[in-house]
Amino acid sequence: LGTAYVSSGQQQRAVIELEEGIRLDPDYGPAANVLAYVCMDQGNFGRARELLTHYRTIAPGEPNPYDSWGDLYVRTGDLDSALIMFREAVRRKPDFFSSSGKIALVLALREEYDSALSELHGLSQRVPTAGAMAFSGMIATLTGRPSEADRYQSRAYETWRSFGAKQLLLFRDVMRAWAHLTANRPRDVAPAIARINEILPSMPPWERARFRMVSQLLLVESDLLLGHVDAARMRLAA
């Protein structure tokens, strides 16, 4: 029930149910883990650390406690410690693709793009995932390799489309819009992300907010490149 409240954006009600789950069974790791993320969202990092410390104590051989610790370190800006934790997760389970992908993302944030791609290629060999292809495409976009980026994104897109993952398909649209900006094609940005507004109502609240924010920022950039300063200001104000 607490997880359901998290999914519907009702954090305070989620906290009540998750705390009750922990009271009924102090060693119920999933409740501690989900509550830790709620605490992160609320900026209560001290409580999140308490919960994740306990989670790691009761499941030391599992990868997920370390993955969650890595997310906590990312939230607090400690990327070095985040990498250590994500690698601890992968050491416990080599095909734990969540942490492998996050290692690549942290490396990309540090502008270590070749290392990030190497991590993603290693992940693809251990466990083929569309996510690894999509993030490889993102890094190729960042490093100015549009043809390579489109190949990666298209492979991810076809995989996601085959099992009806409409929300994940938006990732390619965002990346293509971004590529148009880097190639100085601002007029192509709006058509590239047109599908986002069509699918937004069916998305979970946190994903809805994330994609809306990203799409608006892309449109602001395209407005500025086109010299439409007033339109850019209106989007930012909204």
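For clarity, every value in this text was computed on a predicted model and none was experimentally measured.
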So do M138 and V174 actually touch side chain to side chain, heavy atoms under 4.5 Å? no
Hey, any chance L120 and L105 share a hydrophobic cluster, counting ILVMFWY side chains that come within less than 4.5 Å of each other, even indirectly? yes
CZ of R92: more than 12 outside heavy atoms within 6.0 angstrom? yes
Just so I know, are the side chains of M40 and L51 near enough to count as touching, which here means a heavy-atom distance under 4.5 Å? no
Using modelled atom types and a 3.5 Å cut-off, is there a donor and acceptor pairing between side-chain atoms of W69 and backbone atoms of L52? yes
So V214 and W178, do their side chains get closer than 4.5 Å, heavy atoms only? no
Who pairs with E50 by side-chain hydrogen bond (donor to acceptor under 3.5 Å, both in side chains), at least two apart in sequence or on another chain? R47
Got a donor-acceptor contact below 3.5 angstrom from the S154 side chain to the R151 backbone? no
If you count the non-hydrogen atoms of other residues, nucleotides and ligands that lie under 6.0 Å from OH in Y113, is the total more than 12? yes
Is there a donor-acceptor contact under 3.5 Å from the side chain of S81 to the main chain of D78? no
Please answer: with hydrophobic residues joined when any side-chain heavy atoms are less than 4.5 Å apart, are M213 and V74 in the same cluster? no
Can any side-chain N or O of E119 pair as donor or acceptor with the backbone N or O of I103 at less than 3.5 Å? no
Show the nearest heavy-atom pair for residues A156 and M133, with the distance to one decimal. CB-CB, 4.0 Å
What residues, two or more places apart in sequence or in another chain, satisfy side-chain hydrogen bond (donor to acceptor under 3.5 Å, both in side chains) together with N64? Y55
Considering non-hydrogen atoms only, spot the tightest contact between A177 and V189 and give its length. O-CG2, 3.8 Å
Run the side-chain contact (heavy atoms from CB on, under 4.5 Å) check on D95 and K93 step by step: do they pass? CA-CA 6 Å; D95 62 349; K93 193 172 190 293; 2.8 Å; yes
Does anything in residues 120-130 pair up under side-chain hydrogen bond (donor to acceptor under 3.5 Å, both in side chains), and if so which pairs, sequence neighbours excluded? S100-R126, H121-Y152
Can you measure from CG (D173) to CD1 (I193) and round to the nearest 0.5 angstrom? 9.0 Å
State plainly whether one hydrophobic cluster holds both M234 and V220, where clusters connect Ile, Leu, Val, Met, Phe, Trp and Tyr through side-chain heavy atoms under 4.5 angstrom apart. no
Which distance, rounded to the nearest 0.5 Å, do you find between the CG of L83 and the CE of M85? 11.5 Å
To the closest 0.5 Å, what do you measure between CD (Q11) and CG (D41)? 5.0 Å
Member of L35, V34, N33 meeting the side-chain contact (heavy atoms from CB on, under 4.5 Å) criterion with T3: V34
So, taking the atom named CD in E19 and the one named CZ in R23, what distance separates them when rounded to the nearest 0.5 Å? 11.0 Å
Rounded to the nearest 0.5 Å, how far apart are CG of D114 and OG1 of T143? 8.0 Å
Rounded to the nearest 0.5 Å, what's the gap from CD on Q42 to OH on Y37? Could you check? 15.0 Å
Side-chain contact test, heavy atoms from C-beta onward, threshold under 4.5 Å: evaluate it for Y28 versus P30 and give yes or no. yes
Correct closest heavy-atom pair for A116 and A104 would be CB-O, 3.3 Å
With a 6.0 Å cut-off (strictly less than), is the heavy-atom count around CZ of F97, excluding the residue itself, greater than 12? no
Those residues that, when tested against D188, pass side chain to side chain contact (heavy atoms under 4.5 Å, CB included) (two or more places apart): H180, R185
Count I, L, V, M, F, W, Y as connected when their side-chain heavy atoms are under 4.5 Å apart, and connections chain through other members. Are L217 and F211 then in the same cluster? yes
Smallest heavy-atom separation, F96 atom then A89 atom, equals CD2-CB, 4.2 Å
Which pairs with one or both residues in residues 228-238 pass side-chain hydrogen bond (donor to acceptor under 3.5 Å, both in side chains), sequence neighbours excluded? D223-R235
Hey, are Y66 and R56 close enough side-chain-wise for a donor-acceptor pair under 3.5 Å? no
Working for side-chain contact (heavy atoms from CB on, under 4.5 Å), residues D80 and R110: CA-CA 10 Å; D80 290 339; R110 290 164 44 161; 2.8 Å; yes
Please identify each residue that fulfils side chain to side chain contact (heavy atoms under 4.5 Å, CB included) with E221, with sequence neighbours left out. L181
Look at the side-chain heavy atoms of Ile, Leu, Val, Met, Phe, Trp and Tyr, link any pair under 4.5 Å apart, and say whether L79 and L117 land in one connected group. no
Which atom pair, heavy atoms only, marks the closest approach of A130 to W160? CB-NE1, 3.4 Å
Tell me the closest heavy-atom pair linking I196 and S215, and the distance in Å. CD1-CB, 4.0 Å
